[in-house]
Amino acid sequence: MRLSRYFLPILRETPKEAEIVSHRLMLRAGLIRQESAGIYAWLPLGLKVLNKINAIIREEQNRSGAVELLMPVIQSADLWRESGRYDAYGKEMLRIKDRHEREMLFGPTNEEMITEIFRGSVRSYKDLPLNLYHIQWKFRDEVRPRFGVMRSREFLMKDAYSFDLDQEGARHSYNRMFVAYLRTFARLGLTAIPMRADTGPIGGDLSHEFIILASTGESEVFADKAVLDQPIPAVDTDFDSREALDAIFQAWTKPYAATSEMHDEAAYNAVPADRQISARGIEVGHIFYFGTKYSEPMKATVTGPDGRETPVHMGSYGIGPSRLVAALIEASHDEAGIIWPDAVAPFDVSLLNLKVGDAGTDEACATLYKALSARGKDVLYDDRDERTGAKFATADLIGSPWQVLVGPKGLAEGKVELKRRKTGERVLLTIEETLARLLA
RNA sequence: CGGGGCUUAGCGCAGCCAGGUAGCGCAUCUGCUUUGGGAGCAGAGGGUCGUAAGUUCGAAUCUUACAGCCCCGACCA
């Protein structure tokens, strides 16, 4: 993509409302634009990151056996009356009426709807286990939205829902998501710690939050450092093996780790002092097992092997991709801007033509741009007629993992400069060497 | 939902107290000079001063109402 033809509205100054670094950088780097309190438009650069995160989430959900579908954002109030949550959910639910005065709502979550879909089509235990997920916009009318997309009213959520014949099966489904989440966050370049968590209005008795440690986090958390030493489950993990998944779950949940709601002072004090973590964290995922809380009132049953109808055991599993964008920035940035992990960077390479109009730099850039693009690299080519300083500042701000600096000075020796955003390290290389390095 | 604050050009702000018809920096556009870390000079464009009503000869400025937004707290898959 040529920057001169892209839409990248960068701000030199920080809008005053942005308090935390991720919010500031998302506004400055042109990822988002606020349209209302807690409601944001995703600009091209932000959307690219969001899509990359979604792609990784999808891969890991699919790998674990979950199946993607897509449910609507608008739901019927009647559905929520069945579960009893229409009145219970309170003012956080945005209620609306259509032209026929029918009561509708903008979905804050989808347990009711997925249960309705399930009961309409599944009759037999032979169709279980089943895990259905979607990535869809949610709306929760927060009293006080803040911190940009970290705590917004409209936000994107991957929510998965599992259905099993019994509690044992449901535990296995829970573990599948547990492992899939560990892999997902690791692939995003994040260190997420699963912590025992409160179940809140979802209900149920087993729940873990996946927390990223960050001083700007809204949750107070306590953990044993030992949890950080656990290996990330391998790509070839057998998701059908109850034993294998349970072993991973046991290993990860053995060290103490809990949010403040579930904090056990005595257990925490038993952790050696040099291994105690008392910090703040950002919740990027939350998984629940809640048994028959919805299947019973909503009559989502299957016929079991014994011929009797039983309500299915369910769990729900959420990840917030839009919040993850902010969390990634909180975890990886410096004075100059964002430092994207390779896996989610909106562009793999920023190519800077330091003297647009110079035959040599123009040609070298064209060669690099063509060769990198042909090999599937997403390149943002800064072909603007700008001063070098502005180009450097832009490239650092938007945080592409690699920068290729092409100027007359280097070209005089037949070299261009390759810069690693994360370390600031630069090396002078020929064009061929640069290509070899980036395409390796 | 309690408390506090803000709203003037795309962004950041001044002007308001002591009413006289709007200004600064950045950004944008034009020209010249510059060109390896957000250039310099000269010029230009852009604002019904959040909305509505009131007071006044005259309102960005004073009064009232409303709206939007932000911060602290409480709340929060």
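Note that the coordinates shown come from a computational prediction; the quantities given were computed from them, not determined experimentally. First the proteins, then the strands, lettered A, B, ... as listed; each starts at 1.
Considering only heavy atoms from C-beta on, A:Leu165 stays 4.5 Å or farther from A:Val312 through its side chain. Using a 4.5 Å heavy-atom cutoff, the side chains of A:Gln136 and A:Leu70 are in contact. Residues A:Val344 and A:Ile56 have side chains in contact (heavy-atom distance under 4.5 Å, counting atoms from C-beta outward). Annotation: side chain of A:Pro9 is in contact with side chain of A:Leu43 (closest heavy-atom distance under 4.5 Å). Within the 4.5 Å cutoff, side-chain heavy atoms of A:Phe106 are placed close to those of A:Ile74.
Partner assigned to B:rC24 is B:rG12, using Watson-Crick or G-U wobble distances below 3.5 angstrom. With a cut-off of 3.5 Å on both pairing distances, the Watson-Crick or G-U wobble partner of B:rC66 is B:rG50. Across the strands present, B:rU30 finds its partner in B:rA42; the criterion is a Watson-Crick or G-U wobble pair with both atom distances under 3.5 angstrom. Remark: B:rC17 base-pairs with no nucleotide; criterion is Watson-Crick or G-U wobble with both hydrogen-bond distances under 3.5 Å. With both pairing distances under 3.5 Å, B:rU55 is matched to nothing as a Watson-Crick or G-U wobble pair. As the counterpart of B:rU35, no nucleotide is assigned, since no Watson-Crick or G-U wobble pattern has both distances under 3.5 Å.
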Just the atom pairs and distances: protein N or O near nucleotides 66-69 of chain B's N or O, under 3.5 Å.
| from | atom 1 | to | atom 2 | distance (Å) |
| --- | --- | --- | --- | --- |
| B:rC69 | OP1 | A:Ala37 | N | 2.8 |
| B:rC69 | O3' | A:Gln34 | NE2 | 3.2 |

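Look at CZ on A:Arg144: it is 15 Å from P on B:rG4, rounded to the nearest Å. Remark: P of B:rG36 and CG of A:Leu428 are 16 Å apart, rounded to the nearest angstrom. If you take CD of A:Gln403 and C1' of B:rG37, they are 11 Å apart, rounded to a whole angstrom. With rounding to whole Å, A:Leu352 atom CG is found 14 Å from B:rG38 atom P. A straight line from CD1 of A:Ile10 to P of B:rC26 spans 19 Å, rounded to a whole angstrom. Rounded to an integer number of Å, the gap from A:Leu43 CG to B:rC11 C1' is 15 Å. Atom CZ in A:Arg12 sits about 18 Å away from atom P in B:rG10, given to the nearest Å. Here B:rC11 presents its C1' atom at 11 Å from CZ of A:Arg28, a figure rounded to the nearest Å.
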| A:Thr259/A:Glu209 under side chain to side chain donor-acceptor pair (under 3.5 Å): CA gap, chis, key distance, verdict | CA-CA 8 Å; A:Thr259 60; A:Glu209 281 184 28; 4.6 Å; no

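Taking the six-membered ring where the residue is Trp, A:Phe249 and A:Phe178 present perpendicular rings, their angle passing 60° and hence far from 30°.
Here A:Lys419 lies in heavy-atom contact (under 4.0 Å) with a base. A:Ile287 comes within contact range of no nucleotide atom at all, as no heavy-atom separation falls under 4.0 Å. Nucleic acid contact class of A:Gly320 (heavy atoms, under 4.0 Å, all strands): none. The residue A:Glu218 sits apart from the nucleic acid: no heavy atom pair falls under 4.0 Å. Heavy atoms of A:Asp159 sit nowhere under 4.0 angstrom from any nucleic acid atom.
Rounded to whole Å, the C1' atom of B:rA52 lies 16 Å from the corresponding atom of B:rA60. When the C1' atom is compared between B:rU8 and B:rA22, the two are found 8 Å apart, to the nearest whole Å. Rounded to whole Å, the separation between the P atoms of B:rC13 and B:rG20 comes to 24 Å.
Comparing A:Glu13 and A:Tyr317 by the nucleotide of RNA chain B whose heavy atom lies nearest to each, the residue mapping closer to the 5' end is A:Glu13. Toward the 5′ end of RNA chain B lies the nearest nucleotide of A:Thr14, the other residue of the pair A:Gly38 and A:Thr14 mapping further downstream.
Using a 3.5 Å distance cut-off with no hydrogens or angles, the side chains of A:Gln403 and A:Ser350 do not pair a donor with an acceptor.
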| field | Per-nucleotide protein contact string for nucleotides 29-35 of chain B (B base, S sugar-phosphate only, - none; heavy atom under 4.0 Å) | value | -----B-

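Take A:Arg176 and apply the salt bridge (Lys or Arg N to Asp or Glu O under 4.0 Å) test, not counting sequence neighbours, and it matches A:Asp240.
Here B:rG36 is the nucleotide among B:rC6, B:rA74, B:rG36 with the atom lying nearest to any side-chain atom of A:Phe392.
Side chain of A:Arg183 to main chain of A:Ile232: no donor-acceptor pair is present (N/O by atom type, distance under 3.5 Å, no hydrogens or angles).
Once rounded to the nearest 0.5 Å, the distance linking CD1 of A:Ile282 with CD1 of A:Ile212 reads 6.0 Å.
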